[in-house]
J.: 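Just dropping this structure here.
Quick note on labels: first sequence line is chain A, next is B, and so on, each numbered from 1.
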Protein chains: 2
Amino acid sequence: MGYTIAQAAEKTGLSEHTLRYYEREGLLPFVKRTPGGIRSFQDSDFEWLALICCLKKTGMQIKEIKQFVDWCKEGDSTLEKRREMLVGHREAVVRRIADLRKCLDNIDCKIRCYTSACEAGTGAPYLCTKKG
Amino acid sequence: MGYTIAQAAEKTGLSEHTLRYYEREGLLPFVKRTPGGIRSFQDSDFEWLALICCLKKTGMQIKEIKQFVDWCKEGDSTLEKRREMLVGHREAVVRRIADLRKCLDNIDCKIRCYTSACEAGTGAPYLCTKKG
DNA sequence: GATTGACTTTGCGCGTACTCGAAGTATTAT
DNA sequence: ATAATACTTCGAGTACGCGCAAAGTCAATC
């Protein structure tokens with residue numbers, strides 16, 4: 001027995017629409033069907049979905065994920081390529097996190113400015129964009 | 001003298017398209033024009049742009065940023081609201097960074113699997129989605 | 001004063017990645 | 001058997017832009 005699309009949506013947090021969309025785009029070539037044509041997600045499929053979600057959430061495009069999936073289907077000859085793609089993506093995620101951290105510092109500084117301004121009851125919006 | 005849109009694009013790293021789009025959406029109500037109708041960005045404008053970029057890069061939607069800008073135009077009576085918005089957004093950014101970190105751990109684990117698989121010359125794609 | 005050429009303006013359309021809804025049919029559980 | 005769920009297909013909408021074209025602006029030559 002497998003999971004229906006509704007159960008898979010529940011389990012992954014994705015919508016049924018999105019799951020069908022991902023399948024249509026070639027990201028889920030492994031999902032089995034019942035003789036009647038109904039999708040039957042297996043336990044092992046959720047590991048794949050977890051990776052796909054992980055790549056997606058960290059900003060990888062559908063096209064790139066599809067490339068990765070296509071390479072997987074090709075077999076061991078593409079192991080190196082796949083590894084390189086993951087390493088490259090890892091760097092991108094690290095840069096993104098660093099960027100977010102920097103932005104967070106700016107936001108924190110702005111919040112301090114607003115805290116002072118709120119106490120004073122007035123404050124120039126141009127104030128304090130960089131230094132705390 | 002101010003900066004043309006091309007110079008502003010250069011200085012901010014945004015495209016001219018994006019700058020015009022932001023203005024159209026009400027994010028840049030302060031940008032002056034020459035008598036001929038050409039945009040003239042002032043030095044002070046770039047501080048605003050820096051904040052807008054910061055909010056945008058951390059995932060705030062155009063609509064929300066517009067709300068913030070509209071509140072700024074209303075004056076000191078909206079100081080509290082603006083501060084609350086920034087604080088709320090700050091939490092969201094913190095959550096996002098934590099989420100990215102978790103994804104990064106998964107990717108790192110996957111890379112380790114691929115490194116082993118590459119050495120062995122073979123590897124199951126289902127392998128190791130969570131534990132290292 | 002007119003022309004040249006670089007730059008800007010507006011506006012429409014395209015693209016990605018969903019997201020939603022409805023129609024009309026098939027499948028499945030009770 | 002009937003109700004609930006799933007299927008595909010279609011179309012439309014949203015967010016955040018990019019690309020291009022036609023027209024307008026501006027400063028400097030000729």
J.: Calculate, to the nearest 0.5 Å, the distance between atoms NZ and CG belonging to Lys110(B) and Leu51(A) respectively.
T.: 5.0 Å
J.: Output the distance between atom CG (Leu86(B)) and atom CG (Asn106(A)), rounded to the nearest 0.5 Å.
T.: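 The CG atom of Asn106(A) is 11.5 Å from CG of Leu86(B), to the nearest 0.5 Å.
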J.: If the test is side chain to side chain donor-acceptor pair (under 3.5 Å), which one of Glu84(A), Arg83(A), Arg82(A) qualifies with Tyr114(B)?
T.: Arg82(A)
J.: Taking all non-hydrogen atoms of both residues into account, name the closest pair between Leu14(B) and Cys53(B) and its distance.
T.: CD1-SG, 3.7 Å
J.: Identify the two heavy atoms, one from Gln7(A) and one from Gly2(A), that lie closest to each other, and give their separation to 0.1 Å.
T.: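 Answer, listing the atom of Gln7(A) first, then Gly2(A): OE1-O, 4.2 Å.
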J.: What are the bounds, 5' to 3', of the part of DNA chain D that sits under 4.0 Å from heavy atoms of chain A?
T.: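 In short, chain A contacts DNA chain D from dA6(D) to dT8(D).
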J.: For DNA chain D, find the residues of residues 56-69 of chain B with a heavy-atom distance under 4.0 Å and give them by number; none if there aren't any.
T.: Lys56(B), Gln61(B), Ile62(B), Lys63(B)
J.: Can you tabulate the close N/O pairs, meaning under 3.5 Å, that link protein atoms to atoms of nucleotides 25-30 of chain C?
T.:
{"from": "dT28(C)", "atom 1": "OP1", "to": "Thr34(A)", "atom 2": "OG1", "distance (Å)": "3.0"}

J.: Around Glu10(A), counting heavy atoms of other residues, nucleotides and ligands shown, do more than 12 lie under 6.0 Å from its CD?
T.: no
J.: From Leu49(B) CG over to Phe41(B) CZ, what is the distance, rounded to the nearest 0.5 angstrom?
T.: 6.5 Å
J.: Does Arg20(B) put a side-chain nitrogen or oxygen below 4.0 Å from OP1 or OP2 of dT10(C)?
T.: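 Result: no.
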J.: How many angstroms lie between SG in Cys118(B) and CD in Glu80(A), if you round to the nearest 0.5 Å?
T.: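 Reported value, rounded in 0.5 Å steps: 4.0 Å.
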J.: Please classify the nucleic acid contact of Arg33(B) as base, sugar-phosphate, or nothing, using heavy-atom distances under 4.0 Å.
T.: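 The residue Arg33(B) makes sugar-phosphate contact but no base contact.
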J.: Could you go through residues 58-69 of chain A and list every donor-acceptor pair under 3.5 Å that involves a side-chain atom there, pairing it with any protein atom two or more places apart or in another chain?
T.:
{"from": "Thr58(A)", "atom 1": "OG1", "to": "Cys54(A)", "atom 2": "O", "distance (Å)": "2.7"}
{"from": "Thr58(A)", "atom 1": "OG1", "to": "Leu55(A)", "atom 2": "O", "distance (Å)": "2.9"}
{"from": "Thr58(A)", "atom 1": "OG1", "to": "His89(A)", "atom 2": "NE2", "distance (Å)": "2.7"}
{"from": "Lys66(A)", "atom 1": "NZ", "to": "Asp70(A)", "atom 2": "OD1", "distance (Å)": "3.2"}
{"from": "Lys66(A)", "atom 1": "NZ", "to": "Asp70(A)", "atom 2": "OD2", "distance (Å)": "2.9"}
{"from": "Gln67(A)", "atom 1": "OE1", "to": "Trp71(A)", "atom 2": "NE1", "distance (Å)": "3.2"}

J.: Could you tell me how far apart Ile52(A) (CD1) and dC18(C) (C1') are, to the nearest whole angstrom?
T.: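 Atom CD1 in Ile52(A) sits about 16 Å away from atom C1' in dC18(C).
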J.: Between Leu27(A) and Ile52(A), what is the shortest heavy-atom contact and its length?
T.: O-CD1, 3.2 Å
J.: If I compare all heavy atoms of Leu19(B) with all of Ile5(B), which pair ends up nearest, and what's the gap?
T.: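 Scanning both residues completely, I find the closest heavy atoms to be CD1-O, 3.9 Å.
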J.: Whole angstroms only, please: what is the CZ-C1' distance between Arg24(A) and dC18(C)?
T.: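 Distance check: Arg24(A) CZ to dC18(C) C1' gives 10 Å.
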J.: With a 4.0 Å cut-off, would you call Arg95(B) and Glu91(B) a salt bridge?
T.: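 Looking at Arg95(B) and Glu91(B), the cut-off is not met.
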J.: Could you list the residues that satisfy side chain to side chain donor-acceptor pair (under 3.5 Å) with Arg33(A), not counting sequence neighbours?
T.: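 Glu23(A).
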J.: Is Tyr21(A) close enough to dC20(C) that one of its side-chain N or O atoms is under 4.0 Å from OP1 or OP2 there?
T.: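 Checking Tyr21(A) against dC20(C): no side-chain N or O falls below 4.0 Å of OP1 or OP2.
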J.: Strictly below 4.0 Å, heavy-atom distances to any atom of DNA chain D: list the hits from residues 2-17 of chain B, or just say none.
T.: Ser15(B), His17(B)
